[in-house]
Novice: 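Once you've had a glance at the structure underneath, I'll fire off some questions.
Just follow the structure's listing: the first ligand is 1, and inside any ligand the first atom is 1. For the single chain, residues carry numbers from 1 onward in sequence order. Keep in mind it's a predicted model, so treat the numbers as computed, not measured.
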Amino acid sequence: VESLDPEFGSRASGHIGWGRFPSEEPIMSAIISLLTIIPSDYRNEVVLITAGPTHEAIDPVRYIANRSSGKMGYALAQAAQKRKAKVVLVIGPTSLTPPPGIHTIPVTTAEEMRDAVHKHFERATVVIMPAAVADYRPDQPAETKLKKQGQEPMSLKLSSTPDILTSLALQKSGQFMVGFAAETDNLIEEATRKLKAKGLDMIVANDVTKPGAGFGSDTNAAVVLDTHGIVEDIPLMPKRDMAMKILDIIRLRLDHQKQTLHTV
Ligand code: PMT
């Protein structure tokens, strides 16, 4: 017998809390997993995943954000969990219900995401970062709500946020590191540049101008690259299936690394 955990939200009693009947998505995915043989090939891995956007405060009521829903990161976390990995999911603000049974750490800003990721980095064996982390934040967030000054233009001074992947690369001790790149142009060039600049083993490049790919949708299409070039061109498919494909590619590479170490 396979049972699902209740979901969080408003209940018939009028209270808000755990106790809602699960929605279609987790029921379908439980049925599909029951009917599919999923390997337990991540049994010995600790997979650290980030998901969603970050919010950078302008004042107490406004912030800078982006269109990431967190779905790609959630799909990866659930896929890794099904393959029996220990999963740590660091998640920016989203409207998604935290996946049951996964150690989920909610954060708001890029700095908080960096701190949470660093805290769990040492014991991780694989790091996957589909989070759309803000590159800039308001230099001096206002302590009180900014007032509109007639029709005068307004400018905001922005400063860079910490680059999480770059900071991790400096402390790397064998972790397999996968970044994501969401691009509107020069997909391969930009993704390759980020792969090298951030010291990654692999990058998943999303052309977010393709219908059904990238931010917010339940599907995605991507080109997976490593330092030698294109590894795989993944056509449009549900994010759930793409997550499994990405884990397949990482698994092959981890096995290859282990074999090489063994031979040496
Ligand atoms: O969340 P969804 O709605 O499902 O959408 C999924 C997605 C489109 C957000 C995802 O598939 C994706 O492409 N994520 C990458 C978003 C992006 O634009 O990343 P980037 O090019 O700004 O950054 C490249 C890499 O560096 C990313 O892995 C990012 O997590 C990381 N980064 C970025 C900035 C920063 N300060 N620190 C980082 O570590």
Novice: Do any heavy atoms of Ala134 fall under 4.0 Å from ligand 1?
Specialist: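 Checking ligand 1 against Ala134, which is what was asked, there is a heavy-atom contact under 4.0 Å.
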
Novice: Identify, for atom 1 (O) of ligand 1, the protein heavy atom at the shortest distance, and state residue, atom and that distance.
Specialist: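 Its nearest protein heavy-atom neighbour is Ser68 OG, 2.6 Å.
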
Novice: If you have a sec, work out which protein heavy atom is nearest atom 6 (C) of ligand 1 and how many Å separate them, to one decimal?
Specialist: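 Here the closest protein heavy atom is Met72 CB, 3.7 Å.
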
Novice: CG of Leu165 to CZ of Phe180: how many Å apart, nearest 0.5 Å?
Specialist: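 So the gap between those two atoms works out to 11.0 Å.
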
Novice: Pick one of side chain, backbone, both or neither for how Lys239 approaches ligand 1, counting any non-hydrogen atom pair under 4.0 Å.
Specialist: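 Answer for Lys239: side chain.
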
Novice: Under 4.0 Å from any heavy atom of Gly179, which atoms of ligand 1 are there?
Specialist: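 Heavy-atom distances to Gly179 below 4.0 Å select 28 (O).
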
Novice: What residue and atom, counting heavy atoms only, is the protein's closest point to atom 17 (C) of ligand 1, and at what distance?
Specialist: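 Here the closest protein heavy atom is Ala182 N, 3.7 Å.
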
Novice: Taking non-hydrogen atoms only, is Ile164 closer than 4.0 angstrom to ligand 1 via side chain, backbone, both or neither?
Specialist: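 Both backbone and side chain of Ile164 come within 4.0 Å of ligand 1.
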
Novice: For Ile188, is there any backbone N or O sitting under 3.5 Å from a side-chain donor or acceptor partner on Glu183?
Specialist: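 Not confirmed, Glu183 side chain does not pair with Ile188 backbone.
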
Novice: Closer than 4.0 angstrom, basic N to acidic O: yes or no for Lys258 and Glu45?
Specialist: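 Between Glu45 and Lys258 there is a salt bridge, with a charged N closer than 4.0 Å to a carboxylate O.
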
Novice: Nearest protein heavy-atom contact for atom 39 (O) of ligand 1: which residue, which atom, what distance?
Specialist: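 Checked against all protein heavy atoms, atom 39 (O) of ligand 1 sits closest to Leu165 N, 2.9 Å.
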
Novice: Ligand 1 and Ser217, any nitrogen or oxygen pair closer than 3.5 angstrom?
Specialist: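 N/O-N/O distance below 3.5 Å does not exist for this pair.
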
Novice: Check ligand 1 against Gly216 and write out every atom of the ligand that is under 4.0 Å from a heavy-atom position of the residue.
Specialist: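 Once the distances to Gly216 are compared, the set is 2 (P), 3 (O).
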
Novice: Closer than 4.0 Å to some heavy atom of Lys71 - which atoms of ligand 1 meet that?
Specialist: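 Result: 1 (O), 2 (P), 4 (O).
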
Novice: With nothing but distance in play, are any N or O atoms of Phe180 less than 3.5 Å from an N or O of ligand 1?
Specialist: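 Checking ligand 1 against Phe180, an N or O pair does fall under 3.5 Å apart.
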
Novice: Mark the output for Thr50 as yes if a heavy-atom distance to ligand 1 is under 4.0 Å, and as no if none is.
Specialist: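 Contact check Thr50 vs ligand 1: negative.
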
Novice: For Lys239, does its backbone N or O pair with a side-chain atom of Asn220 as donor and acceptor, under 3.5 Å?
Specialist: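 It does not hold such a pair.
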
Novice: For ligand 1, is Gly52 a contact, meaning one of its heavy atoms is under 4.0 Å away?
Specialist: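 In this structure, Gly52 fails to qualify as a contact of ligand 1 - no heavy atom is under 4.0 Å.
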
Novice: Give the numbers and elements of all ligand 1 atoms closer than 4.0 Å to a heavy atom of Gly214.
Specialist: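 Taking each heavy atom of Gly214 in turn, ligand 1 has 5 (O), 8 (C) under 4.0 Å.
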
Novice: For ligand 1, indicate whether the residue Pro162 contacts it via side chain, backbone, both or neither (heavy-atom separation under 4.0 Å).
Specialist: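 It is the backbone that touches ligand 1; the side chain stays farther off.
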
Novice: Okay, side chain of Arg251, backbone of Tyr42: is any donor-acceptor separation there less than 3.5 Å?
Specialist: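 Not confirmed, Arg251 side chain does not pair with Tyr42 backbone.
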
Novice: Would you check if the side chain of Glu112 reaches a backbone N or O of Thr108 as a donor-acceptor pair within less than 3.5 Å?
Specialist: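 Yes: the side chain of Glu112 pairs with the backbone of Thr108.
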
Novice: At under 4.0 Å between heavy atoms, is it the side chain or the backbone of Val133 that contacts ligand 1, or both, or neither?
Specialist: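 Both backbone and side chain.
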
Novice: Taking Arg43 for its side chain and Arg83 for its backbone only, find out whether a donor-acceptor pair lies under 3.5 Å.
Specialist: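 A pair under 3.5 Å: no.
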
Novice: Is the backbone of Val46 close enough, under 3.5 Å, to the side chain of Thr125 for a donor and an acceptor to pair up by distance?
Specialist: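 Answer holds: yes.
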
Novice: When you measure from the side chain of Ser68 to the backbone N and O of Asn66, does any donor-acceptor pair fall under 3.5 Å?
Specialist: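 Such a contact is absent between Ser68 side chain and Asn66 backbone.
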
Novice: Just need the protein heavy atom nearest to atom 21 (O) of ligand 1, so name the residue and atom and give the distance.
Specialist: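 I find the closest protein heavy atom is Lys194 NZ, 2.5 Å.
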
Novice: Could you check whether any side-chain N or O of Thr161 sits under 3.5 Å from a backbone N or O of Ala134, counting only pairs where one atom can act as donor and the other as acceptor?
Specialist: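 Between the backbone of Ala134 and the side chain of Thr161 there is a qualifying donor-acceptor contact (under 3.5 Å).
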
Novice: Among all protein heavy atoms in this structure, tell me which lies nearest to atom 12 (C) of ligand 1, with the distance rounded to 0.1 Å.
Specialist: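 Going by distance alone, atom 12 (C) of ligand 1 is nearest to Asn206 OD1, 3.6 Å.
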
Novice: Answer yes or no: is there a donor N or O on one side and an acceptor on the other, between the side chain of Asp207 and the main chain of Thr209, under 3.5 Å?
Specialist: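 Such a contact is found between Asp207 side chain and Thr209 backbone.
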
Novice: Test of understanding: given a 4.0 Å heavy-atom threshold, classify the contact between Asp135 and ligand 1 as side chain, backbone, both, or neither.
Specialist: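 The answer is the side chain of Asp135.
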
Novice: Return yes if a side-chain donor-acceptor contact under 3.5 Å exists between Glu56 and Thr54, otherwise no.
Specialist: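 Side chains of Glu56 and Thr54: pair found under 3.5 Å.
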
Novice: Has ligand 1 got any nitrogen or oxygen that is less than 3.5 angstrom from a nitrogen or oxygen of Ala131?
Specialist: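 Indeed, backbone or side chain, Ala131 has an N or O that close.
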
Novice: Considering only non-hydrogen protein atoms, determine which one is nearest to atom 32 (N) of ligand 1 and report residue, atom name and distance to 0.1 Å.
Specialist: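 Ranked first by proximity to atom 32 (N) of ligand 1 is Lys198 NZ, 3.6 Å.
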
Novice: Counting from 1, what ligand 1 atoms have a heavy atom of Asp163 closer than 4.0 Å?
Specialist: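 Answer for ligand 1: 35 (C), 36 (N), 37 (N), 38 (C), 39 (O).
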
Novice: So which protein heavy atom does atom 14 (N) of ligand 1 come closest to, and at what separation?
Specialist: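 In this structure, atom 14 (N) of ligand 1 has Pro130 O, 2.9 Å as its nearest protein heavy atom.
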
